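One structure below.
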Protein chains: 2
Amino acid sequence: MEDGSAAPPQQHEGAAAAQRQATLHDVARTAGVSQATASRVLNGSIRNVRQENVAQVLAAAAELDYTPHLSAQAIARGTTNTAALVVSGVDDPYFSTVAGGATQAAEAAGLIVTMAVADRSPERELQIVRTLRGMRPRAIILTGSRIDGTDTRAALIEELDAYRRAGGSVVLISQYDLPFCTVSIDNYGGARQLARELVGLGYRRFAVVRASAALRTSRDRCEGFVDGLREFGIGVEARLVVEAEFSRRGGLAAGRELVRQGLGDTELVIAANDVMAIGVMTAFRDAGLVPGRDIAVAGFGDIGPAVDVVPALTSVAVPLRQVGLCAMELALSNDDVSRVVPISTNVVLRDSTPRR
Amino acid sequence: MEDGSAAPPQQHEGAAAAQRQATLHDVARTAGVSQATASRVLNGSIRNVRQENVAQVLAAAAELDYTPHLSAQAIARGTTNTAALVVSGVDDPYFSTVAGGATQAAEAAGLIVTMAVADRSPERELQIVRTLRGMRPRAIILTGSRIDGTDTRAALIEELDAYRRAGGSVVLISQYDLPFCTVSIDNYGGARQLARELVGLGYRRFAVVRASAALRTSRDRCEGFVDGLREFGIGVEARLVVEAEFSRRGGLAAGRELVRQGLGDTELVIAANDVMAIGVMTAFRDAGLVPGRDIAVAGFGDIGPAVDVVPALTSVAVPLRQVGLCAMELALSNDDVSRVVPISTNVVLRDSTPRR
DNA sequence: TTGAAAGCGGTACCAA
DNA sequence: TTGGTACCGCTTTCAA
């Protein structure tokens, strides 16, 4: 058909012909200046460039829809504008509130946040940290309960430590048993205080809904609560301690389990977190028990929805958003000291635990 | 241990002596192979490398705690492993659920998610897209209601379009009025159907709590609802249409406002989303009204907490998590067609709207 | 004030 | 199977 001319492959014009992003080089050429000058204009030092060229470069950049390639900048500058956040799950209001705070602080510092979800799997968490490290973020923030007894623990510490040695900063939220900067929520103390106040309201017979003992957060809260009761010589029957998933679903299941096996003369059920407590209340209601009247319920965390349920849930307030903010700020203010910032908690009594 | 090469400058051990990350070059040198070979081993083509060298490189990488520099890879490969997600707010269960789905899909595809919060500000949203574009993500997903009548609209379209021209894929969630791939939630139809079913339950006199008319999502829902009522010849008094923030707080305020001005013989209050509805219920309760008995309430979205409030909230279910999943999958499957994926909604009647 | 050029950490083609 | 080498897009001396 064709004569032997080596026709260049025609582009499919009009189709989604990915027409590569404009580069700094393109801008410079269009503006008729050197790449160095273009770089100067499009970034910090506008001062050392002639007015005329500034305008020229800006115009070219606008015309070509230029966006600096952050990866290229990162590699050239040796530093990124990224902060990484690892959460256990986004759906949980606990984490999403913390994430909100952290994100706000990061954006205030001009950083982009990359977020990953570990789904309470230590293996996944380790893998995530490994990947995230590749982005060379300025900080890595880990939130969610440390899970004890897993052999990934050492690997995680090693990974985080290597990251820190390379200049990154690590901040943990609520996991004060690892050798890193930690925003430490006083789960134990809060739960203990909660126990005291509930006893003060007249409660004597308790049931406990908790997550796996491997979950540090849950364990601390339970221990605090039990120790608080012990101050008054009150114990909790083993059969009234139910273990379930650390989620609303888990609370629901635990509530049903309690109903099934019979609550006896139990007066109050304490759950290891608010979503569990809410699940418990729903289970009770389904069984014809009216929470707050027939049986009291309390949680931990004081997430937003705690006040929307009926009766409003007694809980231990944790300044979640501030925790996130604080963690990010701590991470960004690189004082090398690996300190622990204690966050105190605060019992909030509501209608789910009326005075008896 | 090491060969006695010229003694490297002693590090301040113990102090935060940022000792730069190991590079591929370091690994190659330690393993005694070329950088090219090290690259081959540490990435795809292990096959074309001698067993012995593979081991050597792997060992060196482990010893040096090597992590590939993602930015460098991105720049060399010309493509990243990143997907970007823009939400209106993380604290809202609506968005965090969508974000959960999107994150899951992204991670399943081996991508890292970077998330930014626009806080319902169109200016902020535009700025975010501009920044995010610099990361050269494979996809940008925008979720949250489009806000009409802002002059940033054109700029946003231009920005997204430039991104797409450069090969990126854009997916919008619930904003079907922009010329991009959209996962379109049937807000209008769902609300209309809700109206029909509520009329079917015997309700005739309604109040509406809505967000600003500029918020597309809120507007569509209200229009659907009003049109649904009109089918039965039912109207809504203008004074019973209250506008407030698109949040729980807004709902609370609106509820108080309704109580203040008097509900008259209103039988049911419909809110533009669930968190508003929940706020409204709380306001009513505070005023001594029992939701579900004295006055019915319905929302939209069917977020998780909708079933935890008392009475459980009648709502229109949107498969939020799936919406997020779907959006990300759509974005990643780069068929160039800019299509609209309709997501149907589903009325869920609960105790907050008992049959009259 | 400007531009040339040497990296930054990798990838991938090409010849050996 | 290997190593040499030319980039990738940008920053930043260094001289002019």
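All of these numbers come straight from a predicted model, not from anything done at the bench.
- Distances shorter than 4.0 Å separate some side-chain N or O of N43(B) from OP1 or OP2 on dT11(C).
- Salt bridge status for E107(A) with R124(B): present, with a side-chain N to carboxylate O gap under 4.0 Å.
- When rounded to the nearest whole Å, the span between CG of N48(A) and P of dT12(D) equals 13 Å.
- H25(A) has its NE2 atom 13 Å from the P atom of dA5(C), to the nearest Å.
- Between the side chain of Q35(B) and the base of dG10(C), at least one donor-acceptor pair of N or O atoms lies under 3.5 Å.
- Contact annotation for T79(B): no contact, since no heavy-atom pair falls under 4.0 Å across all strands.
- Remark: P of dT1(D) and CD of E52(B) are 14 Å apart, rounded to the nearest angstrom.
- Between T37(B) and dG3(D), a side-chain N or O to OP1/OP2 separation shorter than 4.0 Å is present.
- For A36(A) and R47(A), each mapped to the nucleotide of DNA chain C holding its nearest heavy atom, the one lying further toward the 5' end belongs to R47(A).
- One can place CZ of R136(A) at 20 Å from P of dC10(D), the figure rounded to the nearest angstrom.
- A sub-4.0 Å separation between OP1 or OP2 of dT2(C) and a side-chain N or O of N53(A) is present.
- dG9(D) atom C1' lies 7 Å from atom OH of Y66(A), rounded to whole Å.
- For the pair I75(B) and G32(B), both in contact range of DNA chain D, the more 5′-proximal nearest nucleotide belongs to G32(B).
- OP1 or OP2 of dC10(D) has not a single side-chain nitrogen or oxygen of R77(A) nearer than 4.0 Å.
- With no hydrogens or angles considered, a side-chain donor-acceptor pair links Q104(A) and R321(A) at under 3.5 Å.
- Between the side chain of R40(B) and the base of dG3(D), a donor-acceptor pair under 3.5 Å is found.
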L70(B)/Q73(B) under side chain to side chain contact (heavy atoms under 4.5 Å, CB included): CA gap, chis, key distance, verdict: CA-CA 5 Å; L70(B) 262 27; Q73(B) 287 192 153; 3.6 Å; yes

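- Per the geometry, CD belonging to Q51(A) stands 16 Å off C1' belonging to dT2(C), to the nearest Å.
- Counting to the nearest Å, the P atom of dG9(C) and the CG atom of L24(B) are 11 Å from each other.
- Within the 4.0 Å cut-off from OP1 or OP2 of dG3(C), at least one side-chain nitrogen or oxygen of S34(A) is found.
- Taking atom CG on N81(B) and atom C1' on dT11(C), their separation rounds to 14 Å, with Å as the unit.
- A donor-acceptor contact under 3.5 angstrom links the side chains of R133(A) and T67(B), judged on distance only.
- When heavy atoms are screened at a 4.0 angstrom cut-off, S39(A) is found touching base atoms of the nucleic acid.
- Note on Q73(A): a side-chain N or O is less than 4.0 Å away from OP1 or OP2 of dT11(D).
- Side-chain N/O atoms of Q127(B) and R130(B) include no donor and acceptor closer than 3.5 Å.
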